[in-house]
Amino acid sequence: QRGAAPEERWPVERVEEALYAADVAPSLVMEAIERLGARREGGVVPQRLAEHLAGLLVEPPAPGSVRRPRVVVLVGTNGSGKTTTCAKLAWRSRQTGRRPLLCAADTFRAAGSDQLRLWADRIGCDVVTGATGADAAAVAFDAVTAAVRRNADELYVDTAGRMHTREPLLQELQKLIRSVRKAREGAPDDCWLVLDAALGRNALSQASAFAGAVPLNGAIITKLDGSAKAGFVFSLGRELRIPVLYAGLGESPEDLVEFDRRRFVRSLLG
Amino acid sequence: ALTNSLQAVFRRLRGQGTLTEANIEAALREVRTALLEADVNFQVAQDFIEQVRRRCVGEEVLRGITPGQQVIRRIYEQLVELLGRARRDVKWAGRPMTVLLVGLNGSGKTTTAAKLAKRWSAERRKVLLVACDLKRPAAVDQLRRLAERIGVDMIGPEPGDTPATLAARAVRKAQRELYDVAIYDTAGRLDVDDELLAELRELRDLIRPHNVILVLDAAVGQSAVRVAQRFHETAGLTGLILTKLDGDARGGAALSVHAATGCPILMVGVGEKLDDLEPFHPDRMASRILG
Ligand SMILES: Nc1nc2c(ncn2[C@@H]2O[C@H](COP(=O)(O)OP(=O)(O)OP(=O)(O)O)[C@@H](O)[C@H]2O)c(=O)[nH]1
Ligand SMILES: Nc1nc2c(ncn2[C@@H]2O[C@H](COP(=O)(O)OP(=O)(O)OP(=O)(O)O)[C@@H](O)[C@H]2O)c(=O)[nH]1
Ligand SMILES: [Mg+2]
Ligand SMILES: [Mg+2]
């Protein structure tokens, strides 16, 4: 329905360029062009493109009653930003007067738990750690027990980075999840995948592999303050029904925002 | 995968004697999609397809293969050729030979610094690791532990140090104590952070490294070109190390970075252990990208 003035339309080439450059899956780019009748109508109205894209994203479920302590396990590939994001989540919790607990279940990487320990000091919350080489599942178990005993509001469990293609490492993660469940029935309440915004098509492979191994119910996109646009999120929504919950926008504790579908799409389209 | 889906497209080209603009157009569009699926930069893919088109059109189809198979072969050959020209070794000059590792947050710089140190120390070279990331919590600790694990010397900050003052001290130490190699690990930084890029340039001017190596995650997508260009403008890249190739990322970033900046490709990271560093194989990378 055109109004008094014809709406500005983006030609197909411009749509392609904008979406491909943003790492949107080629199949979704072609589908968008097709569904919006771009070739037939000589282009796409940007507003309608934005609505189409936003519609591909899954909204997080309504909060509902959350158990206490809310147990959240963060997973993801090496260097994605898990440890820093755990700190940010704890900081956020502290800002609203809640009492979070952290768990450094990365017992593998050099200085993995020291990194989280330093964050815990800066933020002013406790952290449960284990010795290097200790069983990550055992550390997580202890942390859940401690969170229950201390009446913490949340427990954020940081895990070691791992390649989603290494089956033994996914099994190790499953063991950690089972261990958390043993410590408190129904735990973890959440298992979130941390994804680097600069990822290309591999983001979907990562998400699919982790979702197949653990009860993933959300994703956090880190480093969105960079030049990458994280167009893979549309595939997360469309193919895997995974909602994006937060976006990391920097290296400081306050650099985490709730993910806003519309704002994200507007910024992607520029 | 390119080879599978393309075989299907190209099968339709059977029975034609010459490759023409028309009969390879649909096929080339499929190739472009396959390259995009492999994270090759959009513009780099366009240019690459154009080169393939120019090379193929007018070619006689060789006996015993279909036109489609011929195009695929040309694509593979061209990719191997391009990546082959990109392959280079670290520049061994000066004493100490100095390496500055740079890149985005979490790409694998600190781990790669230790991998390089281990490799070169095993070659009987005297290696010094310099922990110039004073920003990330426990970064110095991380490098120190890795250095201890492999028995290599490391220098970290003293109270009040900035990355520059530490680097200056390291330069003097490396010369005075006759190290063969000095490897500088730096803090991760974004290509859009002008302040941190300026700090990097200042560090480079101070250290005067023989090798400035971009450490890049193999799973990076379309932003690889822009990232590489910014780091190249800032610090003058002499090489690329692609990390986390033990995953299933196709690694199109390798092609993108080299095509866009001319940056040579030195090595690849294939795991978290300190031995997990391998030479870069152009033919393996070409097969991986083409799927
Ligand atoms: N600019 C920016 N940097 C970030 C963000 N999130 C994390 N980082 C940085 O990314 C790097 C890696 O972060 P970590 O928290 O160590 O990542 P990780 O997933 O725990 O890494 P591993 O435990 O080794 O797998 C660090 O330099 C962080 O400061 C973000 O939102 N923006
Ligand atoms: N699987 C795999 N993991 C790797 C590889 N290289 C590095 N890593 C892991 O990637 C994560 C990040 O590595 P770091 O060395 O801390 O990365 P960085 O670039 O120094 O990070 P910042 O200093 O925060 O920018 C760690 O968990 C490493 O063990 C690799 O080739 N394969
Ligand atoms: Mg970590
Ligand atoms: Mg580092």
Side-chain angles (χ1 to χ4, degrees), chain A residues 16-17 19-27 29-30 77-84 87 108-122 132 160-166 169 196-203 205-206 209 222-223 225-232 248 250-251, chain B residues 32-43 45 104-111 114 135-149 187-193 216-227 230 243-244 246-253 269 271-272:
Chain A
E16 282 185 332
E17 243 164 82
L19 297 187
Y20 283 134
D23 284 303
V24 178
S27 58
V29 176
M30 295 191 232
T77 59
N78 307 79
S80 58
K82 299 173 292 300
T83 304
T84 310
F108 171 77
R109 207 206 68 210
S113 45
D114 296 287
Q115 186 183 356
L116 191 65
R117 202 194 308 248
L118 281 167
W119 274 122
D121 290 342
R122 282 186 206 186
T132 310
R162 69 202 66 227
M163 252 330 147
H164 56 293
T165 47
R166 293 195 48 198
L169 298 186
D196 188 322
L199 290 173
R201 307 294 301 129
N202 200 244
S205 169
Q206 292 185 17
T222 58
K223 311 174 204 174
D225 46 321
S227 56
K229 304 269 179 130
F232 56 76
E251 301 190 68
Chain B
R32 191 186 75 161
T33 303
L35 291 175
L36 288 172
E37 280 289 339
D39 291 327
V40 175
N41 177 270
F42 185 71
Q43 193 53 53
L104 300 173
N105 304 75
S107 63
K109 298 173 292 300
T110 304
T111 311
K135 188 149 139 275
R136 168 172 149 160
V140 173
D141 220 348
Q142 183 185 3
L143 191 61
R144 175 169 294 121
R145 306 238 176 137
L146 294 177
E148 283 167 1
R149 195 182 301 174
R189 68 204 68 217
L190 296 176
D191 55 302
V192 299
D193 191 328
L216 187 71
D217 189 325
V220 166
Q222 295 291 311
S223 59
V225 163
R226 191 204 140 108
V227 167
R230 280 302 280 142
T243 60
K244 308 178 204 171
D246 47 312
D248 59 358
R250 301 276 289 284
E272 297 189 66

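Just so it is clear, the values below take in all heavy atoms, side chains as well, and ignore hydrogens, waters and symmetry mates. Sequence lines set the chain letters: A, B, ... in the order given, protein chains first and strands last, and positions in each chain run from 1.
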Q. Can you tell me how far CZ of B/R145 sits from CG of A/D114, rounded to the nearest 0.5 angstrom?
A. 4.0 Å
**Q.** Smallest separation among heavy atoms of A/A111 and B/A138, with atom names
**A.** CB-O, 3.8 Å
Q: Please look at B/V225 and chain A and tell me whether the side chain, the backbone, both or neither of the residue comes under 4.5 angstrom of a heavy atom of that chain.
A: neither
Q: Give, as side chain, backbone, both or neither, the part of B/R144 having an atom under 4.5 angstrom from any heavy atom of chain A.
A: neither
Q: Identify the two heavy atoms, one from A/S227 and one from B/V227, that lie closest to each other, and give their separation to 0.1 Å.
A: OG-CG2, 4.3 Å
Q. With a cut-off of 6.0 Å (strictly less than), are more than 12 heavy atoms of other residues, nucleotides or ligands near CZ of B/R226?
A. yes
**Q.** Toward chain A, the part of B/R32 with a non-hydrogen atom under 4.5 Å
**A.** side chain
Q) By salt bridge (Lys or Arg N to Asp or Glu O under 4.0 Å), which residues pair with A/K223, not counting sequence neighbours? A) A/D196
Q. Got a sec, which residues hit side-chain contact (heavy atoms from CB on, under 4.5 Å) with B/S107, two or more places apart in sequence or on another chain?
A. B/K109, B/V215
Q.
So, taking the atom named CD in B/E272 and the one named CZ in A/R162, what distance separates them when rounded to the nearest 0.5 Å?
A. 9.0 Å
Q. Contact part of A/R109 toward chain B, heavy-atom cut-off under 4.5 Å: side chain, backbone, both or neither?
A. side chain
Q: With rounding to the nearest 0.5 Å, note down the distance linking CG in B/N105 to CG in A/D225.
A: 8.0 Å
Q: Name the region of A/E251, side chain, backbone, both or neither, that has any atom closer than 4.5 Å to a heavy atom of chain B.
A: side chain
Q. Of the backbone (N, CA, C, O) and the side chain (C-beta and beyond), which part of A/A198 lies under 4.5 Å from a heavy atom of chain B, both, or neither?
A. both
Q: Using atom types as modelled and distance alone, determine if a side-chain donor or acceptor of B/D39 lies under 3.5 Å from a backbone N or O of A/R201.
A: yes
Q. OG1/A/T77 to CG/B/D217 distance, rounded to the nearest 0.5 angstrom?
A. 7.0 Å
(Q) Under a 4.5 Å cutoff for heavy-atom pairs, which residue among B/P137, B/A38, B/G252, B/A114 has the most contacts with chain A? (A) B/P137
Q: Of all the heavy-atom pairs spanning B/L36 and A/P26, show the shortest one and how long it is.
A: CB-CG, 4.1 Å
